[in-house]
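Here is the structure we will look at.
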Amino acid sequence: DSHKHKDKHKDKEHKHKEHKKDKEKDKSKNSNSEYRDFSEKKHKDKEKDKVKHKDSSSSEKHKDKHKDKEKHKEEKSKFSSDDFKVKKEKENGFSSPSCNRSENEDDCLFSIKEDKPLKRHRDNDEDIAYKPKKIKTEDEKREKKRKQEVENDKSKKKSKDKGAMGEGKKKKMKKEEEEKWKWWEEERHPEGIKWKFLEHKGPVFAPAYERMPDKVKFYYDGKTMKLSLGAEEVATFFAKMLDHEYTTKDIFRKNFFKDWRKEMTSEEKSTITSLDKCDFGEMHQYFKAQAEARKQMSKEEKQKIKEENERLLQEYGFCMMDNHRERIANFKIEPPGLFRGRGNHPKMGMLKRRIMPEDIIINCSKDSKVPVPPPGHKWKEVRHDNKVTWLVSWTENIQGSIKYIMLNPSSRIKGEKDWQKYETARRLKKSVEKIRSQYREDWKSKEMKIRQRAVALYFIDKLALRAGNEKEEGETADTVGCCSLRVEHITLHPEIDGQEYVVEFDFLGKDSIRYYNKVPVEKRVFKNLQLFMENKQPEDDLFDRLNTSILNKHLQDLMEGLTAKVFRTYNASITLQQQLKELTSPDDNVPAKILSYNRANRAVAILCNHQRAPPKTFEKSMQNLQVKIDAKKDQLVDARRELKSAKADAKVRRDEKSKKTVESKKKAVQRLEEQLMKLEVQATDREENKQIALGTSKLNYLDPRISVAWCKKWNIPVEKIYNKTQREKFAWAIDMADEDFEF
DNA sequence: CTCTTAACTTAGCATTGAGGTC
DNA sequence: GACCTCAATGCTAAGTTAAGAG
């Protein structure tokens, strides 16, 4: 019975894909419905449920499905929890405005043409002062801002920096200054110029392939076979991955085998014709043993390796940019291996080839010491382009895209950009209301294009969706963002669960992470969506007259520097600020306040759909924590009892010593209570965080000055919020934000 | 306008190693 | 001192955006 279901399931899916194919370039896609673990499961369950409804049966499998379904529901509600939405809507100013304009307006016919470019006035008086060139104005604005801030700071700085500094001291100061250079207090480069001087040592290449010992055999069709150097290297890539599920996937195996054969000698090629007959078992074991041996290394050996790494870092991990030694982010070239795309990627398993000096383009100053290629090699090119920030680039062979070596987030060049990003988001804050009322107006436009644009923008604003560029079919996993949503990704519910006009989203977004959400929308949006979906197939674009380019051009007209992603930054940051205000209780102790911070952070992560697979050891670590809590509770009970008896004792004895005992017992109880509290808070935090990743929003979406201000206001050490790396990245914010900072 | 490409940001997972526990 | 755990870090894929060619 269950077998039949599976078949049906497959069949259905197959059809679904087939259908798609008609429209798109014929691509022989496998009906294998493997999304990555986390998203995949739920997705599958949904499909299963559908099947289940069709013909019910009581097999064991079905019971499981049922369970899964319940779980699924739970998860759903977690991500679209009313609690959260209410809050979010408040802070975003989405207090569901009444839309009682005549309904009929909506349904009027559209003129198919007449591109009347909706002229928008620059509403921001500050903006008027901007020059037309967008980047420039952005820079100027910041320039202005910085100068102002420097001005404000001057008195403070003067005495430190310049004021009482004798010639003798200068050298010492310079060195110290070097350690923590405050680039944010300095003049910026003119527009478009990224640096004036750049010198570095070039990349570190992946170590050359080392042959396996002869005793480690590879077998083909049961017979041992000595592979040639090239073929062996590629074989080891596969052998190392044998534990991974994806080495069982058809696409992966097919791609790998195809690329592997390219590396074989003609002899090998004629012998090895089927991957299924390959036995990498011994190789696999060998690498496992190697890994184990590495773990078992003595302290000295480990120390040696560490020192070697440090040497490498010191030599290649830094560059000189404009008189400052700056950390490079990724100075090591990606080693060869098998490509593993995320989600159901058509290219998984392909060989990522080794990058050679001849592939490398070096970028540095003309007047710098140009890095020297490894002996016997030369660079592909050396250029001197100070309009870009990268030091090294090469073209990767899977997608043919360019990869770069750039600077660490703590560098001036990255920091300035980051700061600028938040300043743009803050400018959006000033004009967001106007923009919102504009797109609400546009819902009624007689032009389809404008309506689509307005609805899409509403989603981007309200749900923090990504822009959604179109992607080349068959080159990447099938994922979408706002503009590339297809009809099959949303379901309209005129009424559901007591709510009207609900849109149910279900699609795979960036990194094939599933986005699932049920959102009540305004009636006008709902009606528009119905209209957009009319006469369309599930695999058709929802916004067929829109793409990211059109959308971003429009946004550019609304505000200098405005693009789709600014909404994500803005909504994330404003949500954090708002939630922090709401959740922080002045009387709480430090751990409780940090829990509040994490909850605010969490609200943002939910908004931005930053998920993670629950850690493999989650259940266990949760249990461990519970054990600790229970133990602490027992201790507390004991301590209280002891305190009580000590008190009784003191009452009788009335001497100093017993009084002291009471005091110390009291202290012990207090300490235990505090410890217990801390543990419980930790447990709550961890539980709530099971499948939510806070890091991404913290690092990329939340204006660090909000967090810094919060820390200062409540006297929380920033170290509790930002670890060392994060503090380096956000040094500018930690230095400049005071407790009154308002995003 | 469409298509392509370069440059840069954002993303989650795997590995590592510091610091705690046994 | 061995072992364990989880946060930090490393890695690199997958997005966004602007610009330029056709």
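Throughout, a chain's letter reflects where its sequence line sits, starting with A, and its residues are numbered from 1.
Taking the six-membered ring where tryptophan is involved, the planes of A/Phe256 and A/Phe238 are essentially parallel, since the angle between them stays under 30° and well short of 60°. Classification of the A/His345-A/Phe339 ring pair by plane angle, with boundaries at 30° and 60°, yields perpendicular. Ring orientation note: the planes of A/Phe205 and A/Trp379 are close to parallel, at an angle under 30° on the 30°/60° scale. In this structure, A/Phe507 and A/Phe505 have perpendicular ring planes: the angle between them is above 60°, well past the 30° mark.
Nearest-nucleotide positions on DNA chain B for A/Ser549 and A/Asn700 put A/Ser549 closer to the 5' end. Heavy-atom distances to DNA chain C give each of A/Leu562 and A/Gln726 a nearest nucleotide, and the one nearer the 5′ end belongs to A/Gln726. Of the residues near DNA chain B, A/Ile550 and A/Thr389, the one whose nearest nucleotide (by heavy atom distance) lies more toward the 5' end is A/Ile550. Checking A/Lys553 against A/Met622, the closest nucleotide of DNA chain C that is more toward the 5' end is the one next to A/Met622.
Overall bending of the helix from B/dC1-C/dG22 to B/dC22-C/dG1, expressed as the angle between end axes built from five pairs apiece, is 0° (10° steps).
Between the CG atom of A/Leu312 and the P atom of C/dG10 there is a distance of 13 Å, given to the nearest Å. Straight-line distance from the CZ atom of A/Arg514 to the P atom of B/dG12: 16 Å, rounded to whole Å. Remark: P of C/dA7 and CD of A/Glu719 are 18 Å apart, rounded to the nearest angstrom. In this structure, A/Asn609 atom CG and B/dG12 atom C1' are separated by 12 Å, rounded to whole Å. Atom CD in A/Gln290 sits about 15 Å away from atom P in B/dT15, given to the nearest Å. To the nearest angstrom, P of C/dA8 lies 13 Å from CZ of A/Arg612. Following rounding to the nearest Å, A/Trp394 (CH2) and B/dA6 (C1') show an atom-to-atom distance of 15 Å. As rounded to whole Å, 17 Å separates atom P of B/dT10 from atom CG of A/Leu694.
Within a heavy-atom distance below 4.0 Å of DNA chain B, the residues of residues 379-388 of chain A found are A/Val388.
Counting non-hydrogen atoms under 4.0 angstrom, A/Lys306 reaches the backbone sugars and phosphates but no base. A/Tyr701 comes within 4.0 angstrom of sugar-phosphate atoms only, judged by non-hydrogen atoms across all strands, and of no base. Here A/Lys194 lies in heavy-atom contact (under 4.0 Å) with sugar-phosphate atoms only.
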How does protein contact run along nucleotides 11-17 of chain C, one letter per nucleotide 5' to 3', with B for base contact, S for sugar-phosphate only, - for none, heavy atoms under 4.0 Å?
-BBBSBB

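Put simply, SG on A/Cys483 and CD1 on A/Ile550 are 8.5 Å apart, with the number rounded to the nearest 0.5 Å.
When the options A/Leu465, A/Ile460, A/Leu463 are evaluated for a side chain to side chain contact (heavy atoms under 4.5 Å, CB included) with A/Phe567, the one that passes is A/Ile460.
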In sequence, state the C-alpha distance, the side-chain angles, and the governing distance for A/His189 and A/Asn386, and then conclude on side-chain hydrogen bond (donor to acceptor under 3.5 Å, both in side chains).
CA-CA 11 Å; A/His189 288 311; A/Asn386 73 348; over 6 Å; no

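The shortest distance between the side-chain N/O atoms of A/Asn723 and the OP1/OP2 oxygens of C/dA8 is below 4.0 Å. For the pair A/Arg568 and B/dA11, the criterion of a side-chain N or O lying under 4.0 Å from OP1 or OP2 is met.
Within the structure, salt bridge (Lys or Arg N to Asp or Glu O under 4.0 Å) pairs that include any residue of residues 390-401 of chain A do not occur (at least two apart or interchain).
For A/Arg514 against A/Gln611, the heavy-atom pair with the smallest separation is O-NE2, 3.0 Å.
The main-chain N or O of A/Gln420 is found under 3.5 Å from a side-chain atom of A/Thr424 such that the two form a donor-acceptor pair.
Nearest nucleotide to the A/Arg686 side chain, out of B/dA11, C/dC6, B/dT9: C/dC6.
With sequence neighbours excluded, no residue forms a side-chain hydrogen bond (donor to acceptor under 3.5 Å, both in side chains) with A/Lys593. Shown here are the salt bridge (charged side-chain N to carboxylate O under 4.0 Å, His left out) partners of A/Arg327, two or more places apart in sequence or in another chain: there are none.
Close placement of the A/Tyr246 and A/Phe252 rings is indicated, their centers lying within 6.0 Å of each other.
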